[in-house]
Amino acid sequence: MPPKTAAKKAVEPTQQAAVGTLEQPAPQRGALLQRILFPRLGDPLDVRTLYMDEDETNQHRTRSLSRTSGTIPAQSEVSFATYFNAFPASYWRRWTTLESVELRLRVEGGCRIDVYRSRANGTRIHVWGDVVRDGGEVNQSFDLGPFEDGGWYWFDITTDQNEVVLSQGGWFSPTPAPSRASVSIGITTMRRDDCVATLRTIAEDPLLMDAVTAIVVADQGKDKVREAEAFPEAERALGDKLRLYEQGNLGGSGGFARGMYEALTATDCEQILFMDDDIVLETDSVLRAIAFSRFTEHPTLVGGQMLNLQARSRLHSMGEVMDRAKFMWRPAPGSVEDHDFAEKSLRESPVFHRRTDVDYNAWWMCMIPRSVAEEIGLPLPIFIKWDDTEYGLRASHAGYPTATVPGIAVWHMSWGEKDDLTDWQAYFHTRNRLITAALYHPERRATTMIKDMQKRSLRYLLRMEYSAVALQQMAIEDFLRGPDELFDTLPTALGKVRERRAQFDDGRVLPTARTLPLPSMSQVRAERFMRPPTNPLSIGKALVEVLLRNLLPVKPQHRDRPELNLAGRDAQWFLLARLDSATVATADGRGVTFRRRDREYFWRTLRTSVRNNITLLRQFPKLRKQYRKAMPTLTSKDAWKKVFYGD
């Protein structure tokens with residue numbers, strides 16, 4: 001055992017007796033908040049940086065013996081100041097009742113252990129250190145007082161002549177949790193193999209299985225989950241905790257509503273966890289979300305951050321807020337997007353030490369207290385997009401915050417792989433943005449938001465994304481009809497949207513540009529068109545030029561032969577508006593769309609867009625009242641029960 005240290009409040013921790021085990025602590029020892037994790041066997045070097053910050057003396061020689069144990073080589077140093085192993089103290093300080101946290105480690109072999117904390121600006125402060133000469137348990141308590149605006153705790157291990165095994169470790173509460181750990185997981189799926197992989201991951205973690213009351217899968221795909229080759233194994237492992245419901249495609253909102261409905265009516269869970277199916281899950285993220293929720297001072301939605309599934313050392317989203325004037329989501333102030341921990345560690349990144357507060361958390365992973373769901377209801381019947389944003393805003397208006405907590409995360413496909421603002425989802429983006437604004441926009445007429453919508457429509461028209469503008473106008477017209485048809489259109493809206501989009505050239509994806517003639521414009525001439533206007537004067541001049549150009553007829557030779565082949569990132573309005581036609585690669589790079597300018601459609605649709613937005617301005621105050629009055633019905637268990645089970 002390490003030597004005893006003097007107790008000094010808020011500076012040096014108190015030594016406490018070791019009782020029970022780290023993995024399953026005795027009740028008097030408090031609750032496990034966060035296990036120390038090692039990389040999976042075979043994880044690439046960049047992914048290792050999410051778990052260990054290895055000094056150059058180590059040269060990646062630390063070896064994982066299991067997910068919770070590893071060997072640290074002789075004469076080296078490894079820091080656990082990493083995304084999954086540092087303790088996000090400021091988040092626990094802000095949202096929970098804990099006043100201190102305990103670090104418990106079990107080591108085999110002699111080493112030095114040092115504990116550090118950081119300030120909100122990233123400054124590192126040494127708070128405790130000692131030599132463990134012959135191995136044993138380390139149990140130290142640390143104050144959460146200095147973390148009101150930011151900061152983490154972490155520890156480093158330095159070895160001497162012999163290697164050291166860290167056999168167990170974790171951050172613990174000093175007292176038992178005030179509520180029990182029980183969660184019902186809701187998964188909406190259209191991808192059976194992805195879903196089964198997630199189910200198997202859950203089943204492989206005994207601690208998580210102990211906390212899970214039910215796993216509700218809303219299977220909405222054509223290829224059914226139960227028909228997957230690996231499903232029988234997952235089903236056996238999960239037993240009666242797995243509840244599989246096959247239903248028509250009701251979108252994410254209908255699938256997650258099913259998960260919440262079954263959790264509320266058929267389980268006694270304390271928490272309801274929503275997760276996407278197409279994720280890679282770090283199971284400790286669920287355990288940490290449960291632990292965090294058990295100590296929150298008031299019922300709180302606990303969300304996970306998003307790591308990039310295609311570049312797994314990158315944190316893609318730290319947290320999101322609503323721009324209340326434009327009424328559009330955006331990254332939270334002070335946050336960063338697409339940060340690569342393999343390039344810059346947690347200790348080298350001050351931005352991660354300042355606490356980030358959010359308005360909502362996307363449903364790639366979000367835990368909702370049962371008591372909140374009972375009070376504010378189920379998701380809105382809006383198929384897809386904005387359902388998670390609306391629910392977070394609804395909870396906030398009822399007095400229940402959302403905390404997006406570092407170290408709680410899933411790997412998910414990044415935004416760069418999607419065209420969801422302009423593909424078939426453009427309809428749902430626009431309609432559901434309007435519905436959410438009708439419920440929560442601070443302005444009576446939402447003038448700023450409607451101006452922003454008009455700008456977007458013009459930009460899409462200039463980029464020859466005519467299908468996106470058509471779907472936007474369809475969405476506005478459906479919103480103007482009021483809330484009464486939302487449940488009725490839930491199973492049919494997608495079909496109508498796809499049918500409408502398929503009527504446009506930019507709505508039909510070709511497998512490759514090889515199916516079309518070679519482009520007619522030289523690369524040198526095109527290069528000058530690619531320079532973006534950079535100030536209000538040049539932007540205004542460019543806009544006038546391209547609007548006048550849309551008065552000219554399309555040259556016949558450009559109707560079947562594109563002028564340019566463009567990458568998706570180059571398809572900007574100031575370039576495309578100067579062309580008669582072009583191919584544009586899709587965001588995922590799997591195909592192209594052949595966009596062709598249509599002078600008559602451009603002006604006709606621009607007039608329609610202006611007319612619809614003027615109507616929105618006039619009628620928005622009345623529609624606010626209609627949608628707010630309809631909310632109790634749209635989010636009720638009885639209304640959703642009719643969708644799932646009929647009258």
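These figures come from a predicted structure and were not determined experimentally.
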List the residues meeting side chain to side chain donor-acceptor pair (under 3.5 Å) with D388, not counting sequence neighbours, and say none if there are none. none
Pairing donors with acceptors under 3.5 angstrom, does anything connect the side chains of Q472 and S457? yes
After noting the C-alpha distance and the side-chain angles of R191 and T189, does the key distance pass the side-chain hydrogen bond (donor to acceptor under 3.5 Å, both in side chains) rule? CA-CA 5 Å; R191 310 168 186 85; T189 186; over 6 Å; no
Give a yes or no on whether a salt bridge exists between D323 and R330, defined as a side-chain N under 4.0 angstrom from a carboxylate O. no
Do NZ/NE/NH1/NH2 and the carboxylate oxygens of R48 and D46 come within less than 4.0 Å? no
For D387 and S253, which I'm curious about, is there any donor-acceptor pair between the side chains at under 3.5 Å? no
With the side chain counted from C-beta on, respond yes when L33 and V101 share a heavy-atom pair under 4.5 Å apart, and no when they do not. yes
Taking the side chain as everything from C-beta on, heavy atoms only, tell me whether Y91 gets closer than 4.5 Å to F147. no
Does the pair R40/E282 count as a salt bridge with the N-to-O cut at 4.0 Å? yes
Given 3.5 Å as the limit, does a donor-acceptor pair link the side chain of Y116 with the main chain of W128, or not? no
Side chain S335, main chain P331, donor-acceptor under 3.5 Å: no
Test of ring centre spacing under 6.0 Å for W92 and F87: yes
Sequence neighbours excluded, which residues qualify as ring-ring contact (aromatic ring centres under 6.0 Å, His included) partners of F428? F383
With sequence neighbours left out, what residues match D284 under salt bridge (Lys or Arg N to Asp or Glu O under 4.0 Å)? R35
Between the side chains of S414 and H316, is a donor N or O closer than 3.5 angstrom to an acceptor N or O? no
Please check this pair: side chain of R433 against backbone of M453, looking for a donor-acceptor N/O pair closer than 3.5 Å. no
Close aromatic pair by centroid cut-off 6.0 Å: H429 and Y427: no
Side chain to side chain donor-acceptor pair (under 3.5 Å) involving E443 - partner list, sequence neighbours excluded: T448
Is it the case that over 12 heavy atoms from other parts of the model lie below 6.0 angstrom from the CD atom of Q626? yes
Any Lys/Arg nitrogen of E337 or R314 sitting under 4.0 Å from an Asp/Glu carboxylate oxygen of the other? no
Applying salt bridge (Lys or Arg N to Asp or Glu O under 4.0 Å), can you list everything that pairs with R94, at least two apart in sequence or on another chain? none
For R370 and A263, the nearest pair of non-hydrogen atoms, with its separation, is NH1-O, 3.4 Å
Report yes if some heavy atom in the side chain of V216 is under 4.5 Å from a heavy atom in the side chain of I272; otherwise report no. no
Charged N to carboxylate O below 4.0 Å: is that the case for D53 and R347? yes
Can you list every side-chain hydrogen bond (donor to acceptor under 3.5 Å, both in side chains) pair that touches residues 397-409, not counting sequence neighbours? N361-T404, E375-Y400
Could you tell me whether the side chain of S285 reaches within less than 4.5 Å of the side chain of M365, counting heavy atoms only? yes
Do Y83 and Q305 get their side chains close enough for a donor-acceptor pair, meaning under 3.5 Å? yes
Only counting residues at least two apart or in another chain, list the ones meeting side-chain contact (heavy atoms from CB on, under 4.5 Å) with P632. none
Between OG on residue S118 and CD1 on residue I125, distance to nearest 0.5 Å: 8.0 Å
Flag side-chain contact, heavy atom, 4.5 Å: I368 against M260: yes
Any donor-acceptor pair under 3.5 Å linking the side-chain atoms of E348 with those of S345? yes
For R624, the salt bridge (Lys or Arg N to Asp or Glu O under 4.0 Å) test, sequence neighbours excluded, returns none
Please tell me whether F352 and F341 form a close aromatic pair, meaning their ring centres lie under 6.0 Å apart. yes
Residues in ring-ring contact (aromatic ring centres under 6.0 Å, His included) with W640, at least two apart? F487, F644
Say you draw a straight line from CZ of F172 to CG of L98; how long is it, rounded to the nearest 0.5 Å? 13.0 Å
Set of residues satisfying salt bridge (Lys or Arg N to Asp or Glu O under 4.0 Å) with respect to R354, sequence neighbours excluded: none
First locate atom CD of Q140, then atom CZ of R104, and finally report the distance between them rounded to the nearest 0.5 Å. 11.5 Å
A side-chain contact here means heavy atoms from C-beta on lying under 4.5 Å apart; do L309 and L307 qualify? no
Using the ring-ring contact (aromatic ring centres under 6.0 Å, His included) criterion, which residues pair with F479? Sequence neighbours excluded. Y627
Keeping N308 on the side-chain end and W411 on the backbone end, is there a donor-acceptor pair under 3.5 Å? no
Could you walk me through whether R93 and E148 pass the side chain to side chain contact (heavy atoms under 4.5 Å, CB included) test, one step at a time? CA-CA 6 Å; R93 171 75 167 84; E148 180 62 30; 3.2 Å; yes
Is the shortest side-chain heavy-atom distance between F155 and S79 below 4.5 Å? no
What's the separation between atom CZ in R67 and atom CZ in F38, rounded to the nearest 0.5 Å? 10.5 Å
Could you check if a side-chain atom of N121 sits within less than 4.5 angstrom of a side-chain atom of H353, using non-hydrogen atoms only? no
Donor-acceptor pair, distance only, cut-off 3.5 Å: does the side chain of T635 make one with the backbone of M631? yes
Will you find, in the side chains of Y360 and E320, an N or O donor that is under 3.5 Å from an N or O acceptor? yes
In Å and rounded to the nearest 0.5 Å, what is the CZ to OG distance from R294 to S173? 8.0 Å
Is the closest basic N to carboxylate O distance between R312 and D340 below 4.0 Å? no
Between G129 and D114, which heavy-atom pair has the shortest distance, and what is it? CA-OD1, 3.5 Å
With no hydrogens and no angle check, do the side chains of H412 and D276 hold a donor and an acceptor under 3.5 Å apart? yes
Could you work out, with ring-ring contact (aromatic ring centres under 6.0 Å, His included) as the rule, every residue matching H441, not counting sequence neighbours? F327
Atom OG1 of T300 and atom CE of M367: how far apart are they, to the nearest 0.5 Å? 12.5 Å
